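This report refers to the structure that appears directly beneath it.
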Amino acid sequence: MPENEINVDEINEVLIKRAIAFPAAEIYGGIAGIFDFGPIGTLIRQKVKELWRNMFIWAEENVFEIEGGLLLPEPVFKASGHLDTFHDPLVQCEKCKSMFRADHLVEDTTGERADSLALEELWGKIIEQEIKCPKCKGSLTEPRQFNLMFETEVGATGGKKAYLRPETAQNIFLDFRRVSHAMRATLPFGIAQIGRSFRNEIAPRNYLVRMREFTQMEIEMFVHPEQINNHPYFYMIEDQPIRLITRKMQAEQEKEPLEITAGEAVKQGLIPNQFMAYYIAKEAQFVEELGIPRDNYWFRELLEEETAHYSAANFDLEIQTPMGVIECIGNAYRQDYDLSKHSKHSKTKLTIQYENKPVVPHVIEPSFGLDRIFYILMLVTYQAGDRKWSWFKLPPYLAPYHVKVCPLQKKDGLPEVARELFEELREELDAIYDQTGSIGKRYARADEIGIPFSVTIDYETLENETVTIRDRDSTEQIRVHVDDLFEVLHLLINADATWEEIKGSFAVESSKKSKGKRK
RNA sequence: GCGCCGGUGGUGUAGUGGUUAGCAUUAGGGCCUUCCAAGCCCUCGACCCGGGUUCAAAUCCCGGCCGGCGCACCA
C-alpha cells in the first residue's frame, strides 16, 4: 500500500462529499447495502468498463456481449441450483438470540461435512448431538433457510414467482442457443455481460465491498471439453508473470505468492488448463492497467470447502487494500454443469456442433466485481497530505475527464478563446470547462476528481497561440502551441509519452517573464 | 441477525431541557485578481424518522432506519 497512512473513513467521506458514490434513498434514511453512483463515479466506472471491454471483448474476435433481464422466472433457479443451495440454514439461540450456520455447528460437533444435509437432517443432528449455543449454551431453534435471492411476483393475478438474478451468468446460459446460432459461433467462443446482480446479504458491510445490489462483468467462455487445455492464443500470454497462492501453499501456511509465468503454471499443473490460465494472465494485465501495485495482488486457489459444487477449480484475484484483502475477480471452471442442468430442466438441447457432432461445451467463467474494482481504484489512487486538498492519482485513461479548460481570468476576451478551444477539444476528448474562482482553486477542483491535465488560456495565447498545460501529478506547467495540443494530450492520456518526454519535445519558452507567484 | 457505540446545513463540527441552533468549509452571485484552495460583500442550506415524558426536547425515554466496531455470514 502507499506509504502514507490511508484512512478509509476519510476516503468514504470524500466519495460522499463529491457525490462519487453514496447511499441510495438517503433522504428517506437510506437502505442498507445499496449505493448510488454520482456523475463523477459514473464516468470513472464507464472508463473501467471500457477498459474491460477493450481487453476482454474487442481484443478477442469471438466474445459477444449481451444484456439480459434482471428478473428471471423461478424454474431458472430450480435448474441452476440456486433455490436449493443459494441459502444458508440458520439457527438462533433462544436465550441470547445469536444466529449460527446450522451446518457449521454440526460440522464442528461431528467432524463430518454437513453442507449437503437437508434442514430436517440438520435438526436431527442438533437434537441427537444435543448441540447448544456456542456462546451461552442456550437451546437452539429449528434451522430455517435464509435465501439470498430477492423474490417477487410477475403479473397481476396468480402471479408467476420470479427472482432477481443473483449472478449475470444465468442469462448467458439461457441465451446460449440463440446467441451462438445468431452469431454463427463455433467453439471456443464467449458470451459476456455487464450488469447488476442482487443478493440479500445478511449483513452488508464495508461500504462498496459487500452490497445487496452490485455490478458484475462476466464472461462465460464455451470450450470443447477436450480442448480445455488448448487455447488458440495461449502463446500470447504464456510469458505473462503472475502471482499464485495454491492450495498446497495454503496448507503449508506459505503466505508469499509464487512468482511464475502463466505458461509455466500450466506446465507444472498449478493451474488446471490453458483457458483458465489465459484469463488469469489477462486479468493480471488488467489489474496492472488499473495501476494496482504488483505486490498488492495475487491469485489464490480456493480451498475445497470454498469451492462451489459445480466448479472444478477456482482462482480468485485478491487485492491487499487498506480495508484488508478484497476478492475482486473469481475464475471458476463450471464444466458443463449449467448447460446440462438447463438442458434437462427446460427440455431443450443446449449443444453446439463441433466436427459434425453435437457437444455440450465446458465453461470457464471469469467474473469481475465492478464495484469492488472501482472502490479499490479510488482507495489506491487517493492522495492526501501533500497538498491543501486531497486528490486522486487516477491513470489518465480512467479519469472522469481527460482535461479541464480554463481561461486565466474571465475578462479581456479570454473566456471566448477558451470556450472555442474547449468546444474543439471535447470533440475528441473528455473535456470540461471551468472559469469560476481563482486559477489555483480550479486546478484544485480538477485534482479532487482526478482530472490529469488542465489547459489554461492566458494573455500570451492571444499573442502567439500557445497555451499552458498543467500536470496533475507534478503540478508542473509547460507551454505548448495549440497546433500541438491534441497530439500532446493524446500522448499523455494514452500513456504513450511521459510528462518528462513531453516537456523535452513539445514545450516552448514563454515570451514573457514570469511575475512570480502571488502570495 | 445478535451485542456495544453513534446520527446537528453538502462536508466537518459547537451546543446536556428554554439559543434568532453558533463556527469552519463547500456551493451559487458580485467585486478584485496575469497561474496553484488569496481577499472582501451577498445568498442558499441542518437537529435521521415515529411515538412518549415535560409548561418546554437537538438535548431525557422507547421503537424504527442508517452507520461504525465485535460476533456470525459472504453459495
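So that the names make sense, note that chain A is the first sequence line, chain B the second, and so on, each numbered from 1. Since the model is a prediction, treat every value here as computed from it, not as a measurement. Values below: all heavy atoms of this structure, side chains included; hydrogens, waters and symmetry mates excluded.
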Report yes if a donor N or O on one partner sits less than 3.5 Å from an acceptor N or O on the other, where the partners are the side chain of [X] and the base of [N]; otherwise report no.
{"X": "A/Thr468", "N": "B/C35", "answer": "yes"}
{"X": "A/Arg205", "N": "B/G67", "answer": "no"}
{"X": "A/Arg210", "N": "B/C73", "answer": "yes"}

Q. Quick one: on RNA chain B, does A/Gly29 or A/Arg372 contact a more 5' nucleotide (nearest heavy atom)?
A.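 The answer here is A/Gly29.
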**Q.** Position toward the 5' end of RNA chain B (nearest nucleotide), A/Glu13 or A/Glu167
**A.**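 Its nearest nucleotide being more 5', the pick is A/Glu13.
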Taking only side-chain N and O atoms of [X], does any of them lie within less than 4.0 angstrom of OP1 or OP2 on [N]?
{"X": "A/Arg479", "N": "B/C35", "result": "no"}
{"X": "A/Ser438", "N": "B/A38", "result": "yes"}
{"X": "A/Lys388", "N": "B/C36", "result": "no"}
{"X": "A/Lys17", "N": "B/A27", "result": "no"}

Q.
For A/Glu500, is there an ion pair with A/Lys503 - N to carboxylate O distance below 4.0 angstrom?
A.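 Looking at A/Glu500 together with A/Lys503, the answer is yes, because their closest N to O distance falls below 4.0 Å.
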Q) Are A/Glu448 and A/Lys17 ion-paired here, with the side-chain N under 4.0 Å from a carboxylate O? A)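 Answer for the salt bridge query: no.
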Expressed as a whole number of Å, how far does the [atom1] atom of [N] sit from that of [M]?
{"N": "B/A58", "M": "B/U20", "atom1": "C1'", "answer": "16 Å"}
{"N": "B/A37", "M": "B/U25", "atom1": "C1'", "answer": "11 Å"}
{"N": "B/C66", "M": "B/C49", "atom1": "C1'", "answer": "11 Å"}
{"N": "B/G6", "M": "B/U59", "atom1": "P", "answer": "14 Å"}
{"N": "B/U33", "M": "B/G68", "atom1": "C1'", "answer": "45 Å"}
{"N": "B/A72", "M": "B/A57", "atom1": "P", "answer": "44 Å"}
{"N": "B/G10", "M": "B/G50", "atom1": "C1'", "answer": "26 Å"}

Q: For residues A/Tyr279 and A/Phe315, establish whether the separation of their ring centroids is below 6.0 Å.
A: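 Between A/Tyr279 and A/Phe315, the centre distance exceeds or equals 6.0 Å.
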Give none if [N] has no partner; otherwise give the nucleotide forming a Watson-Crick or G-U wobble pair with it, both distances under 3.5 Å.
{"N": "B/C40", "value": "B/G30"}
{"N": "B/G3", "value": "B/C69"}
{"N": "B/C55", "value": "B/G18"}
{"N": "B/U11", "value": "B/A24"}
{"N": "B/G45", "value": "none"}

[X] has an atom [atom1]; how far is it from atom [atom2] of [N], in whole Å?
{"X": "A/Glu448", "N": "B/U25", "atom1": "CD", "atom2": "C1'", "answer": "11 Å"}
{"X": "A/Ile11", "N": "B/G68", "atom1": "CD1", "atom2": "P", "answer": "15 Å"}
{"X": "A/Lys441", "N": "B/U25", "atom1": "NZ", "atom2": "C1'", "answer": "9 Å"}
{"X": "A/Asp434", "N": "B/C35", "atom1": "CG", "atom2": "C1'", "answer": "14 Å"}
{"X": "A/Arg445", "N": "B/U26", "atom1": "CZ", "atom2": "P", "answer": "10 Å"}
{"X": "A/Asn7", "N": "B/G12", "atom1": "CG", "atom2": "P", "answer": "12 Å"}

Q: Indicate yes or no for a side-chain donor-acceptor contact from A/Arg210 to the backbone of A/Pro204 under 3.5 Å, with no hydrogens or angles considered.
A: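 Not at all, since once roles are kept as given, no pair shorter than 3.5 Å links the two residues.
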**Q.** Check: A/Leu303 main-chain N/O paired with A/Thr307 side-chain donor or acceptor under 3.5 Å
**A.**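 Yes; at least one donor-acceptor contact below 3.5 Å.
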Looking at [options], which one has an atom nearest to any side-chain atom of [X]?
{"X": "A/Ala32", "options": "B/U34, B/C66, B/A37", "result": "B/C66"}
{"X": "A/Trp389", "options": "B/C36, B/U33, B/C69", "result": "B/C36"}
{"X": "A/Gln409", "options": "B/A37, B/U33, B/U11", "result": "B/U33"}

(Q) Classify A/Glu306 by what it touches in the nucleic acid, base, sugar-phosphate, or nothing, heavy-atom distance under 4.0 Å. (A)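 The residue A/Glu306 makes no contact with any strand.
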Q. When we call it a touch if two heavy atoms are under 4.0 Å apart, what does A/Arg18 touch: a base, just sugar-phosphate, or nothing?
A.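 Answer is nothing: A/Arg18 stays at 4.0 Å or more from every strand.
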Q.
Could you check whether atom CD of A/Glu420 has more than 12 heavy atoms from other residues, nucleotides or ligands sitting under 6.0 Å from it?
A.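 Counting other residues, nucleotides and ligands, CD of A/Glu420 stays at 12 neighbours or fewer.
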Q. Stacking between A/Tyr443 and the base of B/C35 (centre distance under 5.5 Å, interplanar angle under 30°)?
A.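 Not stacked by the 5.5 Å and 30° rule.
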